[in-house]
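These notes concern the structure reproduced below.
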Number of protein chains: 4
Amino acid sequence: MKKRGLSVEKTAETRQKIILAALDSFIELGFANSKVAAIASAAGLGKGTIYSYFDTKDALFEGVIDYLIEETLDPIQSVDLPDNQTVADFIVEKMVASVSNIESSGRAHMARLILSEGNQFPHLTDLYRQKIYTPWNQEIQKLLQIAIDRQELPSSIDTAATALLINAPIWMVMVHNGVLVRDEPMDLMVLFVENVRLIFKC
Amino acid sequence: MKKRGLSVEKTAETRQKIILAALDSFIELGFANSKVAAIASAAGLGKGTIYSYFDTKDALFEGVIDYLIEETLDPIQSVDLPDNQTVADFIVEKMVASVSNIESSGRAHMARLILSEGNQFPHLTDLYRQKIYTPWNQEIQKLLQIAIDRQELPSSIDTAATALLINAPIWMVMVHNGVLVRDEPMDLMVLFVENVRLIFKC
Amino acid sequence: MKKRGLSVEKTAETRQKIILAALDSFIELGFANSKVAAIASAAGLGKGTIYSYFDTKDALFEGVIDYLIEETLDPIQSVDLPDNQTVADFIVEKMVASVSNIESSGRAHMARLILSEGNQFPHLTDLYRQKIYTPWNQEIQKLLQIAIDRQELPSSIDTAATALLINAPIWMVMVHNGVLVRDEPMDLMVLFVENVRLIFKC
Amino acid sequence: MKKRGLSVEKTAETRQKIILAALDSFIELGFANSKVAAIASAAGLGKGTIYSYFDTKDALFEGVIDYLIEETLDPIQSVDLPDNQTVADFIVEKMVASVSNIESSGRAHMARLILSEGNQFPHLTDLYRQKIYTPWNQEIQKLLQIAIDRQELPSSIDTAATALLINAPIWMVMVHNGVLVRDEPMDLMVLFVENVRLIFKC
DNA sequence: TATGAATGAGTATTCATTCAT
DNA sequence: GATGAATGAATACTCATTCAT
């Protein structure tokens, strides 16, 4: 069989094309208003082909979210914290990369899709929470605990609540820039860093 | 016309029934998955009656959002700030009432509907921004400016960004409690107050 | 009871208003596209009132046609033929009045309603045939027989066919002016008289 | 694409099936009373298939009329008139074929559909006038002018009016046989020929 | 008697999904 | 594997008709 390898690549490539076309459509039109036929057409494929790769339209949406989760998975790791760096600096440093490309990487789109369609896809909300949201919050909580241990933060703080406070500007800006005030976007980086400085009083 | 008075009451009551049934359905199922027939049935009315009050399903959704906006309109007013109260205390005090009933008053539902359906209803997003979001942010910015004038805050802060920081925990908690982690709700009040204290360093 | 008489008049007047409003609507929009509510509104009445006078929308249409048939009933009578007038002259003279106001009297509208809606209202087509179409043709046939007897026409003619030939320009013009070429109406009188002259070779 | 040929044939056949089933329904029930589902069923197809071929029920009706116009287009041509044949004979000869199959060819149905539904489909009335009615009348007028030139007719006649007179029996019979007196049909051929003889006095 | 709010049967239309080619 | 013609369940919406006032 001369090009079995190629065929596998081809398949992966076709799958990719479908997912990207579907993602565009879901972002622009939402799940309910996206038509399988239009996605197929945008992917340069026939309708039937979509169904060779995904059993149902729901499965296609799950495939898109799965893809985004895998693609954008890049968790902050508390174990990477060097001894000679403050927790605040570490968080800021680590988040610069992550936060600066939150829109271009598709992570903002993913989050907004979870916000808008999550109610109807509890399974995906669960997945997002398990793979992205909760791990991130837990790593932040670990870092906060380390900060308390190092006396960079008072022991009186509630780590769960403070983790949410660190997270809050990210969601605020995703809502602000992506839904409510698209023509005057706020700079997430500025907000995020300022917020960390306030929390760590530094 | 003798029974005109009754008739007006009756129609207002029917309209109310429709809106409340529709609201429940939109919150639970989203717009696309809500069926007009089911809403009518839940309201104890015939399908046709819905269409006597709203031309289309879209118009019904707009009616629901309009209703929520009118119902929940209760803006913070910077002019109410007493001389003998700090801006931080004023914000906290004013927001206690507002924030404590954010779920029960329907304001959280409204916000989440805007998040989930707003893309497909730009007109409603505009309305929400004009009536709720922007006025709130602007009043907060005025208060921040007063705080700067009173030297409760350094003049170096960016009032637009800081207003968003004050807002951020509210959206964070609406997302956290309403979408992602429904079984372990975070106490918005705690988060909000703590955040104000951090910002005002008090 | 002071104004029972008035009440009867009022009732007849209301009925008249309904029929005229309905007629306008049926002519302009056809039966299927005419809405009872719109007819009521055009008549300055409530929807329910229509149903006090006509059981159903179909009955309303029948009422309109009945009204037109009664209103416009003005048959040519062969017994009116004077001895000292040719049949051709008699037909022409009698039809001048009838044909000249065929549009303004509503007879053309009635005929076109029968054409356009008759298939769905066989009862009305029957009525029209019995009250208008067949009597007219039969009187014309009687006149043609008299003309044969008087040797104004050869005995070889087929009176049924010739009656239709006399009728033909009327329908031709109703179709031409009313449906196909509204902006360049043909003068029915000219056509009708010329046609009679051709048939009677005079 | 290998099966493209087959596919094209198949779709043409399906389109034909739809049009014929729709035509039957429109003739029997009229446009408003024809149900898309019933037409689909009569065509041995699913409802959705109709909508793959015609965007709306209105478009389906237009498709049917278009089809009839194309199918039945067979105009009399004045240029075909031989020198050694009278105009009257030419008209009679040419119309024998055309008129004798006016019912079986669908032309009568088409004309009656225009009569009954034309008011609601001005576009189709226009099309019918442009493609069928006006060309026919114009060719007849040309022939009448030739007849005048050849002195087969006096120059005093009005060609436009006389063309309508020639046409009149056709419409008269379509109305008579198709709407009013279906059980005693008149022989169109007899009427048409007799009428031409009267007009040409031959 | 007149009204118009309420009703729900009836219909056009959409679109995810199937499957023969 | 890829295709797109065919399908029909599902749904928004209409409007003749009823009936309480």
Side-chain angles (χ1 to χ4, degrees), chain A residues 7 10-11 14 32-41 44-60, chain B residues 1-4 6-8 10-11 13-15 32-41 43-58 60, chain C residues 7 10-11 14 32-41 44-60, chain D residues 1-4 6-8 10-11 13-15 32-41 43-58 60:
Chain A
S7 181
K10 183 100 180 305
T11 292
T14 301
N33 291 322
S34 291
K35 315 301 173 199
V36 173
I39 291 169
S41 172
L45 296 166
K47 252 183 334 220
T49 308
I50 302 265
Y51 287 90
S52 304
Y53 289 80
F54 301 94
D55 281 350
T56 63
K57 191 187 173 193
D58 279 31
L60 173 57
Chain B
M1 310 296 175
K2 46 203 160 193
K3 67 176 181 270
R4 193 42 69 96
L6 179 57
S7 183
V8 165
K10 187 86 184 309
T11 57
E13 189 189 319
T14 302
R15 190 184 169 85
N33 290 321
S34 290
K35 311 305 169 195
V36 174
I39 290 169
S41 174
L45 295 166
K47 244 180 349 214
T49 307
I50 303 265
Y51 288 93
S52 304
Y53 288 80
F54 301 94
D55 282 348
T56 62
K57 191 186 171 192
D58 278 31
L60 173 57
Chain C
S7 180
K10 185 103 180 303
T11 292
T14 302
N33 290 322
S34 291
K35 316 300 174 201
V36 173
I39 291 169
S41 172
L45 296 166
K47 251 182 335 218
T49 308
I50 303 265
Y51 286 90
S52 304
Y53 289 80
F54 301 94
D55 281 349
T56 63
K57 191 189 175 192
D58 279 31
L60 173 57
Chain D
M1 310 294 177
K2 45 202 160 192
K3 68 177 180 267
R4 193 40 71 96
L6 179 58
S7 184
V8 165
K10 188 85 183 310
T11 57
E13 188 188 319
T14 301
R15 190 184 170 85
N33 290 320
S34 291
K35 311 304 169 195
V36 174
I39 291 170
S41 174
L45 296 166
K47 247 181 344 218
T49 307
I50 303 267
Y51 287 92
S52 304
Y53 288 80
F54 300 94
D55 282 347
T56 63
K57 191 186 170 191
D58 278 33
L60 173 57

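Letters go in sequence order (proteins before strands), and every chain restarts at 1.
Among all heavy-atom pairs drawn from B:Ala32 and B:Lys57, the shortest one is O-NZ, 3.6 Å. Minimum interatomic distance between A:Asp55 and A:Ala59 (heavy atoms only, all atoms of both residues): N-CB, 4.0 Å.
If you measure from atom CZ of A:Phe54 to atom P of F:dA2, you get 13 Å, rounded to the nearest angstrom. As rounded to whole Å, 17 Å separates atom C1' of F:dG4 from atom CD1 of A:Ile39. Here the P atom of nucleotide E:dG8 and the CD1 atom of B:Ile50 are 13 Å apart, to the nearest Å.
Atom-to-atom distance recorded for A:Asn33:CG and A:Lys35:NZ is 5.5 Å, nearest 0.5 angstrom.
Taking only side-chain nitrogens and oxygens, B:Thr14 comes nearer than 4.0 Å to OP1 or OP2 of E:dA6. Taking side-chain N and O atoms only, D:Tyr53 has no distance below 4.0 Å to OP1 or OP2 of F:dA5.
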In 5'-to-3' order, the base (B), backbone-only (S) or no-contact (-) status of each nucleotide in nucleotides 13-18 of chain E, using a 4.0 angstrom heavy-atom cut-off, is BBSSBB

Intra- and inter-strand pairing of DNA chain F, written as dot-bracket with Watson-Crick and G-U pairs under 3.5 Å and | for the latter, reads .||||||||||||||||||||

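In this structure, the side chains of C:Tyr53 and C:Leu60 stay at 4.5 Å or more apart for every pair of heavy atoms.
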